[in-house]
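Computed from a prediction, not measured in an experiment: that's the story for all the values here. All ligand and atom numbering here is 1-based and tracks the order in the structure. Excluded from the calculations below are hydrogen atoms, water molecules and symmetry mates; all remaining heavy atoms, backbone and side chain alike, are included.
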Amino acid sequence: MTIGDVLIIGGGLHGCSAALHLARRGLKPVILERDWPGRHASGVNAGGVRTLLRDPAEIPLALAARRMWHAIGELVDDDCGYKTVGQVAIAENDAEYDRLKARAGTVRQLGFDHEELIDRAALRSMVPSLARHCVGGLAVREDGFASPYHTSLAFRRKALALGARLFEGAEAERIDRVGENWRIEAGARTFEAPVLVNAAGAWAGEWAARLGDTVSFRHILPMMMVSERVPPLVEPVVIASGRPLSLKQMPNGTVIMGGGYLGFGDLRTGRNRTDFNGLQKSAATVAELFPALRGARIVRSWAGFEGRMADDIPVIGPSAAAPDAFHAFGFSGHGFQLAPIVGRILADLIATGETDLPIRPFSANRFAA
Ligand SMILES: Cc1cc2nc3c(=O)[nH]c(=O)nc-3n(C[C@H](O)[C@H](O)[C@H](O)COP(=O)(O)OP(=O)(O)OC[C@H]3O[C@@H](n4cnc5c(N)ncnc54)[C@H](O)[C@@H]3O)c2cc1C
């Protein structure tokens, strides 16, 4: 039997981030990972590090996470491929521009000033390759992107260096409360610890239900495409505000495209596939917005499992039903950026019972109400 201070189900970025922060506090976390860290959403996402257009409840966490991204090397001894290139949501017509303007006003009223409304000329100078019909946008110049698999490995490596233990190929199957401890059986192995963290990504809804929490959760499979290398085209990450698209160019010249269209997958086997209809629609949007990319070859496409909540914000914090159990799941397509701070929040909660960040909107029992 393996005994630790905290058992973490899931070795994605959130499981590894929680382990890293727990280990920094001197606790002994044990990560159970069915496959390997970065195998699912954490390793295959678009790498967007975005505070732009966050749900208001997420803004304080996203801004705190951004400060950590700007100094990510201090946290994990690795730059994670992170680049502060900015992100911009574009308006293709006046109605979209008015919506972005209203959004900027709402965010300002809430006391935040990180989102900047930009006019046609400012957008043109930020993204000269963008189609001429775009009328303006909403930008955050301190946002950026990182390399997802690289980041997953960096968090894993640092968590282990600080003393966390990771069991790959260990699928948590059975969970029991034994005295003051949680006991998990994974194949022939047994693990025990007084505290449990559910960071099982697209599989986390099932664990929340087993712990007695009623959450409105489903799994989705966002899709991505990458182009061949093309000459320098775009520096910031570009998001369409009126239709699904996010696009960024990597330092090697390839262009990563995604946003909105979903593939298919089987949670039980972990297998998934893309939907060519959706990919075709994404490609058509790219061709309209970036004329220079017409004719560029797509070299690969993929989909990844992700957990999505009915209200599109995650569950972060203690279980409402089970003692000494904590959740971090349901990131609804934007949990990569939040990973550095959510791990710290969980470690704070577990070690001290409190956190300095406002996590009430992410409670596990909000759906029961
Ligand atoms: C295609 C795509 C694009 C995205 N783009 C962005 C983006 O640009 N920016 C952004 O912020 N976010 C983005 N996201 C979302 C982001 O990737 C996720 O929110 C985040 O990675 C979730 O991390 P996680 O650790 O919770 O989940 P995962 O990375 O899925 O990790 C969960 C782990 O739990 C393991 N597991 C499950 N069940 C068990 C079990 N029973 N026992 C042991 N282990 C188990 C799984 O094998 C998995 O490795 C995107 C997601 C996808 C799929």
Side-chain angles (χ1 to χ4, degrees), residues 7-19 30-52 54 58 61-62 65-66 69 87 143-149 151-152 155-156 166-175 184-187 189 191 197-207 210 219-226 237 239 246-248 256-263 265 267-268 270 272 274 301-309 312 314-316 327-340 342-343 346:
L7 290 183
I8 301 174
I9 305 176
L13 206 41
H14 283 277
C16 287
S17 178
V30 176
I31 309 169
L32 278 65
E33 168 51 52
R34 190 180 74 165
D35 296 314
W36 62 88
R39 164 68 182 84
H40 294 290
S42 298
V44 306
N45 64 67
V49 175
R50 174 176 63 82
T51 60
L52 176 65
R54 285 275 174 182
E58 286 185 338
L61 276 64
R66 192 177 70 187
W69 279 105
Q87 295 223 5
D143 279 352
F145 67 78
S147 167
Y149 202 71
T151 304
S152 298
F155 273 74
R156 168 193 190 277
L166 165 69
F167 293 82
E168 296 183 346
E171 177 171 5
E173 289 161 338
R174 195 190 150 98
I175 188 160
I184 290 185
E185 285 170 24
R189 286 181 289 212
F191 301 84
V197 169
N198 170 19
W203 295 264
E206 174 190 320
W207 287 97
R210 285 205 211 183
H219 71 277
I220 54 169
L221 284 110
M223 299 192 294
M224 309 295 310
M225 293 182 280
V226 59
V237 179
I239 302 168
S246 93
L247 178 146
K248 64 182 69 69
I256 311 245
M257 297 157 269
Y261 295 106
L262 301 177
L267 272 187
R268 197 179 42 81
N272 66 52
T274 52
S301 61
W302 67 95
F305 285 95
E306 167 72 330
R308 182 169 190 184
M309 309 308 301
D312 276 339
V315 174
I316 303 168
H327 298 295
F329 69 86
F331 291 95
S332 307
H334 41 261
F336 179 70
Q337 192 268 357
L338 292 172
V342 173
L346 288 182

For [X] and ligand 1, answer yes if some heavy atom of the residue is under 4.0 Å from a ligand atom, otherwise no.
{"X": "Glu306", "result": "yes"}
{"X": "Trp207", "result": "yes"}
{"X": "Gly258", "result": "no"}
{"X": "Ala170", "result": "yes"}

Using a strict cut-off of 4.0 Å, indicate which atoms of ligand 1 neighbour a heavy atom of [X].
{"X": "Phe331", "answer": "19 (O)"}
{"X": "Ala46", "answer": "3 (C), 4 (C), 5 (N), 6 (C), 8 (O)"}
{"X": "Gln337", "answer": "10 (C), 11 (O)"}

I want to know if ligand 1 touches [X] in the polar sense, i.e. an N/O pair below 3.5 angstrom.
{"X": "Ile9", "answer": "no"}
{"X": "Leu13", "answer": "yes"}
{"X": "Met224", "answer": "no"}
{"X": "Gly48", "answer": "yes"}
{"X": "Arg34", "answer": "yes"}
{"X": "Ala41", "answer": "yes"}
{"X": "Trp203", "answer": "no"}

Carboxylate-amine/guanidinium proximity below 4.0 Å for Glu168 and Arg156: yes
Select the closest option to [atom] among [options], judged by heavy-atom distance.
{"atom": "atom 50 (C) of ligand 1", "options": "Leu267, Asn198, Asn45, Leu262", "answer": "Asn45"}
{"atom": "atom 27 (O) of ligand 1", "options": "Gly335, Ala204, Ala202, Gly201", "answer": "Gly201"}
{"atom": "atom 47 (O) of ligand 1", "options": "His14, Arg39, Glu33", "answer": "Glu33"}
{"atom": "atom 42 (N) of ligand 1", "options": "Ala339, Ala172, Gly12", "answer": "Ala172"}

Backbone N or O of [Y] within a donor-acceptor pair of the [X] side chain at under 3.5 Å?
{"X": "Ser246", "Y": "Gly259", "answer": "no"}
{"X": "Ser42", "Y": "Leu13", "answer": "yes"}
{"X": "Asn272", "Y": "Leu221", "answer": "no"}
{"X": "His327", "Y": "Ala204", "answer": "no"}
{"X": "Glu33", "Y": "Gly10", "answer": "no"}
{"X": "Gln337", "Y": "Ala62", "answer": "yes"}
{"X": "Glu185", "Y": "Arg174", "answer": "no"}
{"X": "Thr274", "Y": "Ala303", "answer": "no"}

Which segment of Ala303 sits under 4.0 Å of ligand 1 when only heavy atoms are counted: neither
Ligand 1-proximal atoms of Ala199, by part, heavy-atom distance under 4.0 Å: backbone
Can you tell me the protein heavy atom closest to [atom] and the distance?
{"atom": "atom 53 (C) of ligand 1", "result": "Gly304 O, 3.3 Å"}
{"atom": "atom 14 (N) of ligand 1", "result": "Gly333 O, 3.3 Å"}
{"atom": "atom 10 (C) of ligand 1", "result": "Phe336 CB, 3.2 Å"}

Parallel, tilted or perpendicular: ring planes of Phe305 versus His219, cut at 30 and 60 degrees: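 Geometry flag for His219 against Phe305: tilted rings.
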Cation-pi check, Arg66 onto Trp69 ring (under 6.0 Å, within 45° of axis): no
CZ on Arg54 to CG on Leu338, rounded to 0.5 Å: 4.0 Å
From Phe336, Phe155, Phe329, Phe331, residue fulfilling ring pair (Phe, Tyr, Trp, His ring centres under 6.0 Å) relative to His14: Phe331
